[in-house]
Amino acid sequence: MTKVNREIVVSEALDLLDEVGLDAVSTRRLAKRLGVEQPSLYWHFRTKKDLLTAMAEAAMAPHAAIPLPTPDDDWREWFLDNTRSFRRTLLMRRDGARLHAGTTPASDLDRIRHKMDFLFASGVPERDAQMAMLAASRFTVGSVLEEQADADPGDGSDPPADMPAIDHESAFEAGLTLILNGLAHRTEARTASLPTHDR
């Protein structure tokens with residue numbers, strides 16, 4: 001019997017995801033791919049949900065590897081770059097948005113805190129920074145979900161001839177700009193309301 005560890009299971013599960021899509025990923029298929037008995041997978045993951053959570057975390061590795069912001073960074077440019085990196089990472093895997101949706105990034109909490117602290121230190125109001133990061137994250141997942149659904153329609157049907165083609169990247173950039181502009185406007189309004197010595 002092939003000996004496997006947790007990392008091998010997750011890596012093979014992600015490769016399986018790319019081949020068959022999220023709906024077809026099963027512990028039975030994964031065990032067959034690994035050359036092991038299905039129950040042996042439960043030594044590493046008690047439930048399929050645990051496996052999917054580990055897959056989602058591993059799939060985010062490229063985004064988690066980008067440098068954290070520094071005090072010299074412009075927060076607006078960083079906000080754009082960070083969200084774009086998140087989108088690129090979701091698109092690297094088939095059904096990447098569906099895999100990620102609903103997961104809790106427990107292993108990424110220190111990086112998230114660093115990013116939030118950077119925004120606070122840059123003058124962004126705490127509550128606005130939290131809500132903007134959440135809005136950007138959910139907007140990105142939704143955008144990629146639609147983009148990946150369009151790439152794999154399933155029924156093989158073509159859209160009506162008179163329906164304009166959607167440029168997913170342009171639509172994403174437009175929405176991201178709106179989120180950033182709203183956050184910048186609120187930040188500037190708050191700064192303007194502060195006494196001069198507090199700015």
Side-chain angles (χ1 to χ4, degrees), residues 1-67 81-112 115 133-160 163 165-173 175-176:
M1 181 179 291
T2 304
K3 188 170 178 125
V4 299
N5 57 36
R6 185 182 177 92
E7 290 73 24
I8 291 174
V9 172
V10 172
S11 177
E12 288 294 329
L14 287 171
D15 288 344
L16 179 63
L17 170 72
D18 287 338
E19 290 177 13
V20 303
L22 186 60
D23 290 334
V25 171
S26 67
T27 53
R28 179 185 60 80
R29 294 180 87 155
L30 179 58
K32 182 177 180 181
R33 183 185 184 94
L34 289 164
V36 300
E37 296 297 322
Q38 186 175 349
S40 68
L41 295 179
Y42 296 110
W43 283 101
H44 305 287
F45 301 99
R46 294 179 60 189
T47 66
K48 183 179 178 181
K49 182 178 179 182
D50 291 341
L51 172 61
L52 292 174
T53 297
M55 290 169 61
E57 181 178 322
M60 280 290 103
H63 180 59
I66 65 171
D81 291 343
N82 182 70
T83 311
R84 288 167 180 153
S85 168
F86 180 41
R87 174 178 179 266
R88 286 193 302 271
T89 301
L90 290 176
L91 285 168
M92 288 179 181
R93 294 288 179 179
R94 182 174 177 178
D95 293 332
R98 287 182 59 202
L99 176 66
H100 181 83
T103 61
T104 302
S107 65
D108 201 34
L109 290 180
D110 286 342
R111 288 179 61 85
I112 292 172
K115 293 174 181 181
M133 288 289 284
L134 180 62
S137 174
R138 292 186 173 180
F139 165 69
T140 304
V141 172
S143 295
V144 173
L145 184 64
E146 292 287 350
E147 184 170 353
Q148 292 182 322
D150 280 355
D152 184 18
D155 59 5
S157 61
D158 294 322
M163 179 179 291
I166 298 175
D167 182 337
H168 291 288
E169 185 165 3
S170 295
F172 169 78
E173 287 292 333
L176 177 57

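Considering only residues two or more places apart in sequence or on other chains, E7 meets the salt bridge (Lys or Arg N to Asp or Glu O under 4.0 Å) condition with none of them. Residues passing the side-chain hydrogen bond (donor to acceptor under 3.5 Å, both in side chains) test with R88: none are found, sequence neighbours excluded.
R6 CZ to L51 CG: the interatomic distance, rounded to the nearest 0.5 Å, is 8.5 Å. Going from atom CG of L145 over to atom CG of L90 covers 10.0 Å, rounded to the nearest 0.5 Å. How far NE2 of H100 is from CG of L52: 13.5 Å, rounded to the nearest 0.5 Å. Within the model, atoms OG1 of T83 and NE2 of H63 stand 8.0 Å from one another, a figure rounded to the nearest 0.5 Å. Note: M60 CE to M92 CE = 8.5 Å, rounded to the nearest 0.5 Å. For the atom pair CG (L17) and CZ (R93), the distance works out to 7.0 Å, reported to the nearest 0.5 Å.
Between R98 and V141, every side-chain heavy-atom pair lies at or beyond the 4.5 Å cut-off. Side-chain contact between V4 and H44 is present, with heavy atoms from C-beta onward closer than 4.5 Å. V36 has its side chain out of reach of L30: every pair of non-hydrogen atoms, C-beta onward, lies at least 4.5 Å apart. Side-chain contact check for F45 versus V10: some heavy-atom pair is nearer than 4.5 Å.
Side-chain atoms of Q38 do not come within 3.5 Å of backbone N or O of T27 as any donor-acceptor pair. Judged purely by atom type and a 3.5 angstrom limit, D95 has no side-chain atom pairing as donor or acceptor with the backbone of G21. The backbone N or O of D81 sits nowhere less than 3.5 Å from a side-chain atom of S85 that would complete a donor-acceptor pair. At least one donor-acceptor pair closer than 3.5 Å links the side chain of D167 to the backbone N or O of S170. Looking at S143, its side chain does come within 3.5 Å of a backbone N or O of F139 through a donor-acceptor pair.
The pair E169-R84 does not meet the salt-bridge criterion, since no charged nitrogen lies less than 4.0 angstrom from a carboxylate oxygen.
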- Query: How far apart are the C-alpha atoms of R33 and E19, what are their side-chain angles, what is the distance that settles it, and do they pass the salt bridge (charged side-chain N to carboxylate O under 4.0 Å, His left out) test?
  - Reply: CA-CA 12 Å; R33 183 185 184 94; E19 290 177 13; 3.0 Å; yes
- Evaluation steps, side-chain contact (heavy atoms from CB on, under 4.5 Å), between R87 and L176: CA-CA 11 Å; R87 174 178 179 266; L176 177 57; over 6 Å; no
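A 6.0 Å sphere centred on NZ of K48 holds more than 12 heavy atoms belonging to other residues, nucleotides or ligands. Within 6.0 Å of the CZ atom in R138, the count of heavy atoms belonging to other residues, nucleotides or ligands does not exceed 12.
Under 3.5 Å, the side chains of D150 and H168 contain a donor-acceptor pair of N or O atoms.
In terms of heavy-atom proximity, A56 sits nearest to T103 at CB-CG2, 3.8 Å. Looking at every heavy atom in both residues, T89 comes nearest to A59 through CG2-O, 3.2 Å.
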